[in-house]
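So you know, we letter chains A, B, ... as the sequences are listed, proteins then strands, and number each from 1. Predicted model only: the values in this text are computed from it and were never measured.
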Amino acid sequence: MVKVRFAPSPTGFLHLGSARTALFNWLYARHTGGKFLLRIEDTDKVRSSKKFLDEILGDLKWLGIDWDEEPLCQSQRFDVYRQKAEEILAMGNAYKESEAVIFKVEKGRQVEVDDMIHGKIAVNTDDIKDQVMIKSDGSPTYNFACVVDDTYMEITHILRGDDHISNTPKQILFYEAMGLTPPKFGHMPLILGQDGAKLSKRHGGVSVEEYKKEGFLPGALANYLILLGWFPGEDREVLSLDEAVKLFDINDMSDVQAKFDIQKLRWLNGEYIMKHKTEELLPLIKDQLLTAGFDISGITDEYISKLVDLYKIRIKTLSELGDLADWFFRDDFTVDEEGKKKYLEKEGNRENVKIFADRLEGLEDFSRENIEKICREIAEERELKAADIIHPTRMAISGKTRGAGLFETMELLGKERVIKRMRGIHK
RNA sequence: GCCCCUGUCGUCUAGCUUGGUCUAGGACAUCGCCCUUUCAAGGCGGCAACACGGGUUCAAAUCCCGUCGGGGGCGCCA
């Protein structure tokens, strides 16, 4: 049975690259009916914290990743590492130096790795220094603990980032020293920033948490991350985790590093938003509005839902709704000055809005159809273009030059607020 | 410096294993048109790539060699 693992270090947030690594391991396990395990690499007592661990696990769940069995914590296995190192020492393959236990690397031979993604990789041991297994303070080094634990956990396949390629021969040497057969390795290329350098803070968001806050949907982020390095075939791009599990094939993974393209992620997110049911979007949208400082206490879910229905095809992230539709939540909405100049300063336009407002006063059933009818009637009577009524009116009620259709927007806002705002521009 | 990975449109990629079907396909972005009350969405179309140089071959994006470029690693960090 396939057994893979994801081994985060709780010394910081979950990086997009790590999330991608986790995703592919999970995909491989679920596709093959194997197990996906977690191992917490918290050997660095100073930098590790519970807070980071909770955040990382929370982000994994948020992305749709679940794991089998309880996570293994390295901090609780120091005795095991020391014992294994002692065994190697006893066999004469290591030596001690200032309390540290150091593995003796046999020179002049080749270590070969049959990488699942790259194919054969060969390294000469002349290029590998002797390796510390146990540090002077008694804690294990990364490479050593990794091998001891992967053995203990019976990991069959190790799928990790390209940056670990040079660790692999060192680890294989440990496996050999302990008389073990190494698992299969697969190294996936790293994600790069737009400028081709390793994806880092200066490229914008690098943590899953940041994208979550921005209003990206987990499905969209996971979908995008998966696409960065794996091609599902048949020009498929938008696919759920379930579909990805079915289609996943490690042989289709790319061996070339890819640049992170926020534009494509935004597009994908937009696709997910518009296809999502409004009722599923609602709680997420409300969270966004709340953090953005909108007071939505007096507004019903039903009412906000209507706004979401109107806007979900127009936003790429959930946080954009607040910017685009602040007029829905407050009377002191922001006004597009360019648009104001263009539509409200234009000769006759304010007058058109006034006439429109006057006629709307007497309208009983304030429906989009009726509103539109009146608008078109006025245009015809006065030989105007409907646009000369529509644009200034949109400016008057929303302060924006863009947004949902005017008549449905008016219906949504309600007669009273609409007329008040239309008259407001004459002051 | 040494070691390793890698190089198809601006970006993600299909094609490369089994050379000809590739005047290189799709998607994002971009540009134009249609629809239209704006913005989106949708529809249609345009621009745009085999890093370079040598081979091998009747024929190379596909095979071989070299050059150049990009990335990663060389910690008693993980």
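- For the pair A:V80 and A:D149, the minimum side-chain heavy-atom distance is 4.5 Å or more.
- Of the residues listed (A:D255, A:N167, A:D163, A:T168), the one engaging A:H187 in a side-chain hydrogen bond (donor to acceptor under 3.5 Å, both in side chains) is A:T168, and it is the only one.
- The nucleotide whose nearest atom lies closest to any side-chain atom of A:V123 is, among B:G72, B:G7, B:C3, B:C3.
- One interatomic measurement links the two molecules: CG of A:L190 to C1' of B:C4, which rounds to 13 Å at whole-angstrom precision.
- Checking B:U11, B:C76, B:U37 against the side-chain heavy atoms of A:V132 singles out B:C76 as nearest.
- The main-chain N or O of A:T21 is found under 3.5 Å from a side-chain atom of A:N25 such that the two form a donor-acceptor pair.
- Nucleic acid contact class of A:L227 (heavy atoms, under 4.0 Å, all strands): sugar-phosphate only.
- Atom NE2 of A:H164 is separated from atom C1' of B:C77 by 11 Å (rounded to the nearest Å).
- Between A:I134 and A:G119, the one whose closest nucleotide on RNA chain B sits nearer the 5' end is A:G119.
- Between A:H118 and B:U6 there is a side-chain polar atom (N or O) within less than 4.0 angstrom of OP1 or OP2.
- Per the geometry, CG belonging to A:D137 stands 18 Å off P belonging to B:G75, to the nearest Å.
- Here the separation of B:U21 from B:C5, taken at their P atoms, is 32 Å to the nearest Å.
- As rounded to whole Å, 13 Å separates atom C1' of B:A27 from atom CG of A:L228.
- Taking every side-chain heavy atom of A:F231 into account, B:A14 is the closest of B:C28, B:A14, B:A41.
- Residue A:D261 places its side chain closer to B:U11 than to any other of B:U11, B:A78, B:U13.
- Note on A:K135: a side-chain N or O is less than 4.0 Å away from OP1 or OP2 of B:A78.
- When the P atom is compared between B:U67 and B:C4, the two are found 14 Å apart, to the nearest whole Å.
- With distances taken from any side-chain atom of A:S166 to the nucleotides B:G73, B:C5, B:C3, the minimum falls on B:G73.
- Side-chain nitrogen and oxygen atoms of A:K45 include none within less than 4.0 Å of the OP1 or OP2 phosphate oxygen of B:C77.
- A:S139 has no side-chain polar atom (N or O) that falls below the 4.0 Å cut-off from OP1 or OP2 of B:C76.
- Seen from the ring of A:Y152, A:R77 counts as a face-on cation partner, given the 6.0 Å and 45° thresholds.
- You'll find that the side chain of A:E237 is closest to B:C12, out of B:G7, B:C12, B:A78.
- The nearest pair of heavy atoms linking A:I102 to A:E97 is CD1-CB, 3.8 Å.
- Contact annotation: A:R376 reaches the phosphate of B:U37 (side-chain N/O to OP1 or OP2, under 4.0 Å).
- Across all strands, A:A100 comes closer than 4.0 Å to base atoms (heavy-atom distances).
- Atom C1' of B:A24 sits at a distance of 9 Å from the matching atom of B:A49, rounded to the whole Å.
- Counting non-hydrogen atoms under 4.0 angstrom, A:L406 reaches a base of the nucleic acid.
- Comparing the C1' positions of B:C74 and B:U56 gives an interatomic distance of 38 Å, to the nearest angstrom.
- Taking every side-chain heavy atom of A:N167 into account, B:A78 is the closest of B:A78, B:C74, B:C12.
- Across B:C50 and B:U23, the matching P atoms stand 14 Å from one another, rounded to whole Å.
- If you take CD of A:E112 and P of B:C4, they are 12 Å apart, rounded to a whole angstrom.
- Listed nucleotides: B:C12, B:U38, B:C76. Nearest to the side chain of A:K264: B:C12.
- Put simply, OH on A:Y142 is 11 Å from P on B:C74, counting in whole angstrom units.
- Taking a 6.0 Å sphere around NZ of A:K415, one finds it holds more than 12 heavy atoms contributed by other residues, nucleotides or ligands.
- Along RNA chain B, the nucleotide nearest A:R314 and the nucleotide nearest A:A7 are compared for position; the residue whose nucleotide lies closer to the 5' end is A:R314.
- Residue contacts for A:K316: at a heavy-atom cut-off of 4.0 Å it reaches the sugar-phosphate backbone alone, with no base atom in range.
- Comparing the P positions of B:G54 and B:A60 gives a spacing of 13 Å, expressed to the nearest Å.
- With respect to A:R423 and A:E361, a salt bridge is recorded, a charged nitrogen being found less than 4.0 Å from a carboxylate O.
- Within the 4.5 Å cutoff, the side chain of A:K212 has heavy atoms near those of the A:D59 side chain.
- The nucleotide whose nearest atom lies closest to any side-chain atom of A:I165 is, among B:U38, B:C4, B:C76, B:C4.
- Counting to the nearest Å, the C1' atom of B:G10 and the CH2 atom of A:W267 are 17 Å from each other.
- Side-chain atoms of A:D235 lie closest to B:G25 of the nucleotides B:U13, B:G25, B:U38.
- In this model, no side-chain donor or acceptor of A:T141 finds a partner on the base of B:C77 within 3.5 Å.
- A:G339 comes within 4.0 angstrom of no nucleic acid atom, judged by non-hydrogen atoms across all strands.
- When Watson-Crick and G-U wobble pairs are counted only if both distances are under 3.5 Å, B:U57 pairs with no nucleotide at all.
- Rounded to a whole angstrom, the distance from the C1' atom of B:G53 to that of B:G7 is 15 Å.
- Of the P atoms belonging to B:U11 and B:C16, the separation is 22 Å, rounded to the nearest Å.
- Residue A:R236 contributes atom CZ, which lies 16 Å from atom C1' of B:U13 at whole-angstrom precision.
- Pairing of B:U67, defined by two Watson-Crick or G-U wobble distances under 3.5 Å, is identified with B:A51.
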